[in-house]
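Have a look at the structure below, then the notes.
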Amino acid sequence: MADSLTPSPETSIGKGSAALQKRQGLDQRSLDALLGALNSDREMAAALYAQLFERLRCLFEWNRFEQPEALADQTLDRLALRVSTGSSVDEPVREPLKFAAGIARMIMYETRRNEQRRKEAAEEFQQRSADRSVEDKERLSALLNDCLGHMPEERRVLIERYYSRDARNLIGARVTLANELKISLNALRNRAGRIRSDLENCMRGKHRNEESR
């Protein structure tokens, strides 16, 4: 796989510059470190960056992952962070292309694992929902709305948009939301997960209070 990520010299420098302009979620220090590792010439490094992104995107697409562009960005984000934090303790990244291949493999594994966990959680949730009475469902809905009502508006809007059923293309809607917030799709998932965890804790607390009355 490392060889498949090796950039070819045909990609234009203009395309490289355009690719860099779209990187909003990566801090400048990490981006500069990655470009320096790719090539000492800034314009050539930008071209190599664009080529590497495209090859990563094709790799994820070939392996049938949803949103291959987002996963390619995530790979480069991690690579840039690894390059920028290299020290005497951690071996410096001398071959960024090989590191990119290794990071891509890890992201594939993590993504497949998370997809399986979400599938299992959804199946469990559906089973529990089927077993609940109409009264239980209405009570849970009321608890959820109460907890949402006490949540800061920014967090409430994010979680409502993240789980919106109105979006025809759920994944596309989440990518749009991540772009609006100028964060990666993975960072958006983590943020939504924390909010959901807080909501669940809030609902459990309110449920216990009701039962103790």
Side-chain angles (χ1 to χ4, degrees), residues 15-35 46 49-50 52-61 63-85 99-100 103-104 106-119 121-122 125 141 143-203:
K15 184 176 180 181
S17 299
L20 290 178
Q21 290 174 1
K22 295 191 291 185
R23 299 302 294 121
Q24 298 176 329
L26 192 62
D27 67 89
Q28 192 62 45
R29 176 176 175 274
S30 297
L31 179 59
D32 288 342
L34 176 55
L35 292 175
Y49 179 100
L52 181 55
F53 170 84
E54 181 60 20
R55 290 174 185 275
L56 286 166
R57 185 196 66 77
C58 291
L59 176 66
F60 287 115
E61 184 176 62
N63 282 277
R64 299 183 179 180
F65 282 88
E66 293 184 344
Q67 298 303 318
E69 294 87 356
L71 293 177
D73 276 336
Q74 186 181 341
T75 302
L76 290 173
D77 286 351
R78 291 194 190 183
L79 177 61
L81 182 61
R82 178 65 181 81
V83 172
S84 66
T85 57
F99 266 87
I103 292 171
M106 179 59 67
I107 288 177
M108 286 184 191
Y109 168 75
E110 292 174 353
T111 303
R112 293 296 192 207
R113 182 183 60 183
N114 290 336
E115 287 175 351
Q116 181 61 30
R117 287 177 176 175
R118 286 195 293 271
K119 179 181 178 181
F125 178 79
S141 179
L143 289 175
L144 175 60
N145 289 332
D146 189 14
C147 289
L148 284 171
H150 289 84
M151 180 171 286
E153 181 179 4
E154 181 180 353
R155 303 188 85 207
R156 176 177 55 78
V157 170
L158 187 151
I159 199 68
E160 287 177 343
R161 289 186 61 185
Y162 189 83
Y163 287 105
S164 174
R165 295 181 180 179
D166 296 331
R168 295 181 179 179
N169 181 353
L170 183 58
I171 298 298
R174 290 176 179 177
V175 171
T176 298
L177 178 58
N179 290 337
E180 290 178 7
L181 297 173
K182 297 182 179 180
I183 60 177
S184 68
L185 188 59
N186 190 55
L188 176 63
R189 291 193 189 100
N190 292 336
R191 189 175 298 184
R194 288 193 294 270
I195 298 174
R196 176 173 177 170
S197 179
D198 291 344
L199 277 174
E200 291 173 347
N201 290 334
C202 174
M203 292 172 67

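Only a predicted model underlies this, so the values are computations on that prediction, with no experimental measurement involved.
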Between [atom1] on residue [X] and [atom2] on residue [Y], distance to nearest 0.5 Å:
| X | Y | atom1 | atom2 | result |
| --- | --- | --- | --- | --- |
| Leu181 | Thr176 | CG | OG1 | 11.0 Å |
| Leu34 | Leu79 | CG | CG | 5.0 Å |
| Asp198 | Met203 | CG | CE | 13.0 Å |
| Cys202 | Asp146 | SG | CG | 6.5 Å |
| Glu54 | Glu69 | CD | CD | 8.5 Å |
| Leu56 | Leu76 | CG | CG | 5.5 Å |

Minimum heavy-atom separation for [X] to [Y], with atom names?
| X | Y | answer |
| --- | --- | --- |
| Cys147 | Leu199 | CB-CD2, 3.8 Å |
| Ala104 | Leu59 | CB-CD2, 4.0 Å |
| Leu188 | Arg174 | CD2-O, 3.2 Å |
| Ala70 | Leu185 | CB-CD2, 3.9 Å |
| Arg112 | Asn63 | NH2-O, 2.7 Å |
| Ser184 | Asp77 | CB-OD2, 4.1 Å |

Legend entry - Worked check of side-chain contact (heavy atoms from CB on, under 4.5 Å) between Ile107 and Asn186: CA-CA 11 Å; Ile107 288 177; Asn186 190 55; over 6 Å; no
Would you say [X] and [Y] make side-chain contact, with heavy atoms under 4.5 Å?
| X | Y | answer |
| --- | --- | --- |
| Ser84 | Arg29 | yes |
| Thr75 | Phe60 | yes |
| Ile195 | Met151 | yes |

Inset, instruction - State plainly whether the residues Glu110 and Arg189 are in salt-bridge range, i.e. N to O under 4.0 Å. - result: no
Legend entry - Between Arg196 and Tyr162: side-chain donor-acceptor atoms closer than 3.5 Å: no
Inset, instruction - Please indicate whether Glu66 has more than 12 foreign heavy atoms, meaning atoms of other residues, nucleotides or ligands, lying under 6.0 Å from its CD. - result: no
